[in-house]
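Just so you know, ligand 1 is whichever comes first in the structure, and atom 1 is the first atom listed for that ligand.
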Amino acid sequence: MYQELAECGNLSELLKNFATELDQYLRFEHPDAVSSIDSWKSALGGNVPAQGIGSEQLIAEMGQYLIPNGSQIPKPGCTSFITTGASSMGVLASLSGAVVAPQRVGMTAYNYLEELSLEWMAEMFALSPAMKGVYSSGGSIANLVAIGAARQWAFEKLGINVAEEGMTMSCRLYTSSACHRTIHRAAAVLGMGRSAVVSIATDSHGRICPQALRCQLQEDMTKDIVAVAIVANAGTTNTGAIDPLNAIADIAAEFDIWMHVDGAYGLPGILDPRIRDLYQGIERVDSVIIDPHKWLGAPVGIGATYVRDRNILYRAFSQGAADYLEGACTDHNIQNSMDSMGIPYHDFGVELSAPSRGAVVWALIREIGKTGIQKRICRHNDMARLVADLAHQHPNLEVVQEPTLSICCFRFVDQSVENLNEFNRQIHRQLTKNARNIPSTTLINGQLVIRPCFVGARTTEQHARDLVNEVIETGNLLLSNAS
Ligand SMILES: *Cc1c(COP(=O)(O)O)cnc(C)c1O
């Protein structure tokens, strides 16, 4: 019956050709999208088509013009973004949710896996057993939800329900200059303003100095300011630095302030026994986030916020009663998956309609287990250390920041080069042009460095070696061109 409708074609037939095109992309033999930009823009573009082309031709068109002109990010040699190519089972689990569970609610297996996968991650990453989670689209929203919970809690202590009444006093968030800028955005969206974010002094590794934090708090306690949260990092985006969580947790307890940890990238690092100690105190925090679409290899669009008490999330984010929900679910005498919403994630954050992300995370863990994920984390941390070792061995390379996790910040140096920042920028531009090894760059104390971040499941030790070699070759070439 449905086959009569053009837009409801048989998936297994459609998928066969489609999957072939995707696999072809994953061989990474195609030229970069920009090399044929006019061609694919004109093929894909134009005015609104009055007549459709049908699924078969559409798949052919996607195979010819869309898929081959995707992003460099899934490439194993691409180490620039912390987001990476999704692992295959993540893609398939995500597809299954798109087909059979377009919402995360209801008494379905998908709703069940939403909670179970959050519990699995909490257990794997040694969070307090009391921590409960909610998924969202990624670290941006996950941080927003956590800071929203902190704001709710801080004002409730003063007898104010800020979600009802709105902001009545100015607020502050305490973090380091290395924090992700989504913290500033969360402050802006939540009505505190970007200027509420206070940068605490850091040590040479970019980690918050607990003593400086305590001094700032002591000073602010005398003012009419609501201290909403201390935001610590478990893996900064820039260098992978991990703030001294235990010492910060002591201070948070001393001043009775909410402690949030941004572990969007770095939380899975706790699985590496060599650095596990750096995470001491993670079990004491009030909220923490992690992005499964980073180190866990989920397709992009999955972040998670954990809090000690989900009721705070409910008070901060509940939509309240609505006519269109009245009587939708009986929530007792459940005889059908539609009789209950299941766990009301839609009132724990800022999204109502949302994909079933739990099934994806569940699949990622189910496929290779905690051990498989642990091996990947250690392998990537090894690669960053290998880059550092190779750089230490080479007279023209300098390690500017030793790796904590899977990021290594290094640069090319030579006494004949006057402007090292410009020189390393040129090396980076050439690497991007060659498109074999694509790291990013960042500034560390004003020094421009090459910054590979190893998170891709397809990335191997050889990619790390190739990257270092290409930096050396490119640097030498630039030197000989200059002389
Ligand atoms: C990537 C990142 C974010 C933002 O996450 P998105 O998923 O890109 O929204 C926040 N914090 C840290 C530390 C990150 O690395």
Side-chain angles (χ1 to χ4, degrees), residues 71 73-74 78-86 90 94 121 125 133-148 150 173 175-190 194 197 199 202 205-208 229-243 245 248 259-270 278-279 282 285 287-306 349-351 354-355 357 360-361 364 377 380-381 384 401 403-407 409 439-440 442 451-456:
S71 165
I73 290 175
C78 184
T79 52
S80 56
F81 281 67
I82 306 186
T83 39
T84 178
S94 174
M121 283 200 293
F125 304 141
V134 60
Y135 284 114
S136 59
S137 64
S140 303
I141 304 296
N143 272 331
L144 176 76
V145 168
I147 305 295
L173 292 172
T175 184
S176 76
S177 58
C179 85
H180 200 273
R181 284 301 176 273
T182 52
I183 298 294
H184 297 72
R185 181 165 58 196
V189 173
L190 290 163
R194 288 191 171 86
V197 182
S199 278
T202 54
H205 281 77
R207 298 172 299 207
I208 292 175
I230 301 167
V231 178
N233 286 291
T236 60
T237 309
N238 232 14
T239 65
I242 299 172
D243 287 323
L245 303 180
I248 294 172
M259 178 170 170
H260 172 60
V261 169
D262 185 344
Y265 154 49
L267 189 62
I270 197 170
L278 299 178
Y279 292 82
I282 194 75
V285 306
S287 60
V288 54
I289 71 155
I290 186 232
D291 261 356
H293 67 209
K294 287 180 172 165
W295 225 340
L296 299 187
V300 83
I302 310 186
T305 306
Y306 286 90
V350 293
E351 298 173 330
R357 298 166 175 122
V360 177
V361 173
L364 298 173
I377 301 300
H380 287 141
N381 286 343
Q401 190 66 261
T404 304
L405 297 170
S406 63
I407 295 173
C409 295
S440 69
T442 188
R451 170 196 167 280
C453 174
F454 299 99
V455 282

Considering only protein heavy atoms, which is closest to [atom], and at what distance to one decimal place?
atom: atom 2 (C) of ligand 1; answer: Lys294 NZ, 2.2 Å
atom: atom 6 (P) of ligand 1; answer: Gly139 N, 3.3 Å
atom: atom 9 (O) of ligand 1; answer: Ser140 OG, 2.6 Å
atom: atom 4 (C) of ligand 1; answer: His180 CE1, 3.5 Å

Please confirm whether [X] comes within less than 3.5 Å of ligand 1 when only nitrogen or oxygen atoms on both sides are compared.
X: Thr236; result: no
X: Asp262; result: yes
X: Thr237; result: yes

Only heavy atoms of [X], strictly under 4.0 Å: list the atoms of ligand 1 that pass.
X: Ile82; answer: 15 (O)
X: Asp291; answer: 5 (O), 6 (P), 7 (O)
X: Thr182; answer: 10 (C)
X: Gly138; answer: 7 (O), 9 (O)

Return yes if some donor-acceptor pair links the side-chain N/O of Arg451 with the main-chain N/O of Ile407 below 3.5 Å, else return no. no
Is there a donor-acceptor pair under 3.5 Å between the side chain of Thr175 and the backbone N or O of Val231?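 Between the backbone of Val231 and the side chain of Thr175 there is a qualifying donor-acceptor contact (under 3.5 Å).
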Got His205 and Thr239 here, is their nearest side-chain heavy-atom distance under 4.5 Å? no
Given side chains that start at C-beta, do those of Phe125 and Val288 come closer than 4.5 Å, heavy atoms only? no
Nearest heavy-atom neighbours spanning Met259 and Leu245: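 Taking every non-hydrogen atom into account, CE-O, 3.5 Å.
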Tightest non-hydrogen contact, residues His184 and Cys179, listed as CE1-SG, 3.6 Å
Of the side chain and backbone of Ala264, name the one, both, or neither that has a heavy atom under 4.0 Å from an atom of ligand 1.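 For Ala264, the contact with ligand 1 is made by the side chain alone.
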Tyr265 and ring pair (Phe, Tyr, Trp, His ring centres under 6.0 Å): which single residue from Trp295, Phe81, Phe454 fits? Trp295
His293 and Thr83: side-chain donor and acceptor closer than 3.5 Å? no
